[in-house]
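Step one of this worksheet: look at the structure below.
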Amino acid sequence: MEDTCGPVWVIAEQIGGRVLAVSLQLIGHARRLADELGTFVEVVLLGDDMGGKAQQMFAAGADRVYLGDAPELAFYQPELYTEIIVELAKERQPEIMLIGSTTTGRELAPLVAARLETGLTAHCVDLVLDESQILEQRVPAYGGLLSIICPEKRPQMATIARGVFPTPEPDENRTGEVVLLDLPDDLPRRIQTLEIVCGELEGVPLESAPIVVAGGAGAGDLEGWRQIADLAQVLNAALGCTRPAVDEGWAGLETMIGQSGKMTSPELYIGVGLSGELQHMVGIADAQVMVAINNDPKSPVFDQVDYGIVDDCREFVPVLIAKVKEYRKRK
Ligand SMILES: Cc1cc2nc3c(=O)[nH]c(=O)nc-3n(C[C@H](O)[C@H](O)[C@H](O)COP(=O)(O)OP(=O)(O)OC[C@H]3O[C@@H](n4cnc5c(N)ncnc54)[C@H](O)[C@@H]3O)c2cc1C
């Protein structure tokens with residue numbers, strides 16, 4: 001294939017030598033974009049002893065993997081990673097650069113974008129090419145989806161959360177080229193990550209939970225929030241939240257569902273005291289059955305769910321908990 005425009009890039013992420021699912025999902029989508037543009041998919045993978053992972057990238061849709069393989073790259077190093085990616089991007093001139101909206105990606109993407117003096121759209125929920133082959137970077141806004149474009153500067157950069165795009169079916173017949181990166185001696189080393197300590201996850205993980213209970217501002221206070229948490233516990237559900245619950249300090253950011261949080265696809269979703277803003281609802285777009293509890297019969301959340309309960313959650317939730325416990329005892 002001849003290069004007609006710059007390649008579509010994915011900055012892959014690894015933790016402890018394991019390539020993250022979001023990186024493979026981005027490679028799969030990069031493949032679709034590159035096919036439309038008539039160009040290559042190139043992946044940048046930085047880590048230690050990662051050579052064996054290149055085939056995983058090819059099977060997901062990559063044509064070429066730039067591999068930075070060295071002990072000092074084992075952990076994400078902000079300055080070092082930025083420098084390597086920026087210098088390579090200046091040389092290869094990618095048309096598009098996709099980065100996972102992970103803790104690392106959220107820091108790395110703006111560092112790279114600033115150095116390349118280009119635009120960046122955070123937390124995209126879709127990426128399509130318009131008729132001029134410009135990337136429409138879609139984010140929820142004003143009750144719908146807004147397309148952000150970067151028509152002049154290159155690369156067109158976006159961060160995307162895990163679960164926005166499907167994980168591609170691996171095609172083990174695909175192969176590609178591995179380009180080993182030479183690391184110059186004068187790379188910046190002022191900041192060094194020495195160790196990554198993984199926290200213990202409490203309760204059921206949101207991404208794989210069959211039942212999700214999500215609470216919002218309508219909880220009112222910590223006591224109201226605890227009722228919602230109790231409901232999640234009796235249902236053996238994962239507990240999620242909206243932005244105000246994080247802002248109030250009732251819930252951790254890692255439990256926020258939506259555009260800038262987690263993507264979930266439960267069999268049952270119960271939204272308690274939340275209004276159904278698109279920035280939250282994009283995170284549960286694939287839920288099979290959706291229920292909302294809200295004291296405002298006109299709340300927009302009721303237009304988006306299968307079952308609506310109009311009530312004060314502080315009165316309804318304790319009754320629901322008691323009923324679930326009663327039902328469990330009878331069984
Ligand atoms: C760029 C951007 C990204 C964002 N990303 C996210 C994201 O990833 N996730 C996210 O959640 N938000 C996100 N937001 C914020 C989002 O726009 C909304 O502000 C947020 O989702 C609203 O949360 P809420 O529904 O809990 O609060 P509100 O909109 O204030 O709704 C509270 C609801 O509770 C109901 N209520 C009040 N009291 C009771 C009661 N006693 N019983 C029952 N119901 C009651 C009210 O009727 C109301 O409908 C983002 C915003 C921006 C601009």
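Ligands are counted one by one from 1 in listed order, and the atoms in each one are counted from 1 as well.
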At less than 4.0 angstrom from any non-hydrogen atom of C313, what atoms of ligand 1 do you find? 40 (C), 42 (N), 43 (C)
Between P244 and ligand 1, which part of the residue brings a heavy atom under 4.0 Å of the ligand: side chain, backbone, both or neither? side chain
Tell me whether S265 contacts the main-chain N or O of D286 through its side chain, where contact means a donor paired with an acceptor under 3.5 Å. no
If you scan protein heavy atoms around atom 37 (C) of ligand 1, the nearest is G218 CA, 3.5 Å
What pair of heavy atoms forms the shortest contact from R154 to P94, and how long is it? CB-O, 4.2 Å
Donor-acceptor pair, distance only, cut-off 3.5 Å: does the side chain of E136 make one with the backbone of L127? no
Per-residue contact class, I257 against ligand 1 - non-hydrogen pairs under 4.0 Å: backbone
Should we say atom CZ of R162 is surrounded by more than 12 heavy atoms from elsewhere, each under 6.0 Å from it? no
Of the listed options K298, E315, Q259, closest to atom 2 (C) of ligand 1 (non-hydrogen atoms): Q259
Measure the distances from the heavy atoms of G220 to every atom of ligand 1 and state whether one is below 4.0 angstrom. no
Tell me, with the steps shown, if M157 and Q137 meet side chain to side chain contact (heavy atoms under 4.5 Å, CB included). CA-CA 9 Å; M157 286 186 65; Q137 304 159 47; 5.9 Å; no
Ligand-residue contact atoms, ligand 1 with A217, heavy atoms, under 4.0 Å: 26 (O), 27 (O), 30 (O), 32 (C)
Where does M256 meet ligand 1, judged by heavy-atom distances below 4.0 Å: at the side chain, the backbone, both, or neither? side chain
For the 3.5 Å polar cut-off, considering only N or O atoms, please tell me whether R314 and ligand 1 meet it. no
Just checking, is any N or O donor in the side chain of Y76 or E107 under 3.5 Å from an acceptor N or O on the other one? yes
Side chain of K262, backbone of E254: donor and acceptor closer than 3.5 Å? yes
Looking only at side chains, do T242 and E277 share a donor and an acceptor under 3.5 Å apart? no
Per-atom filter on ligand 1: closer than 4.0 angstrom to a heavy atom of D311 are 42 (N), 43 (C)
Assess, by modelled atom type and distance only, whether the side chains of H123 and S101 contain a donor and an acceptor separated by less than 3.5 Å. yes
Here the atoms of ligand 1 under 4.0 Å from any heavy atom belonging to S299 are 49 (O)
Which of the atoms of ligand 1 are close to N294, meaning less than 4.0 Å from one of its heavy atoms? 33 (C), 34 (O), 35 (C), 43 (C), 44 (N), 46 (C), 47 (O), 48 (C), 49 (O)
Taking only non-hydrogen atoms of D296 and a 4.0 Å limit, the atoms of ligand 1 in range are 47 (O)
Nearest-contact summary for atom 53 (C) of ligand 1 - protein heavy atom, Å: Q279 NE2, 4.1 Å
Distance only, no hydrogens: is a donor on one side chain within 3.5 Å (strictly under) of an acceptor on the other, for Q25 and T167? yes
Would you say CD of E152 has more than 12 non-hydrogen atoms from neighbouring residues, nucleotides or ligands within 6.0 angstrom? no
Residue E79 excluded, over 12 heavy atoms near CD under 6.0 Å: yes
So, regarding G273 and ligand 1 (criterion: nitrogen or oxygen to nitrogen or oxygen, under 3.5 Å), is there a contact or not? yes
The answer for which part of E277 has a heavy atom under 4.0 Å from ligand 1 is side chain
Enclosure of N236 CG (heavy-atom neighbours >12, cutoff 6.0 Å): no
Return the option from A122, S275, G261, G224 holding the heavy atom at the smallest distance from atom 28 (P) of ligand 1. S275
Atom indices of ligand 1 within 4.0 angstrom of G216 heavy atoms, with elements: 26 (O)
Nearest non-hydrogen contact with atom 43 (C) of ligand 1 belongs to which option: N295, L253, V282, L274? N295
For atom 15 (C) of ligand 1, grab the closest protein heavy atom and report residue, atom and distance to one decimal in Å. R243 CB, 3.8 Å
What is the nearest protein non-hydrogen atom to atom 41 (N) of ligand 1, stated with its residue, atom name and distance? D312 OD1, 2.9 Å
Check each heavy atom of V272 against ligand 1 and say whether those closer than 4.0 Å belong to the side chain, the backbone, both or neither. neither
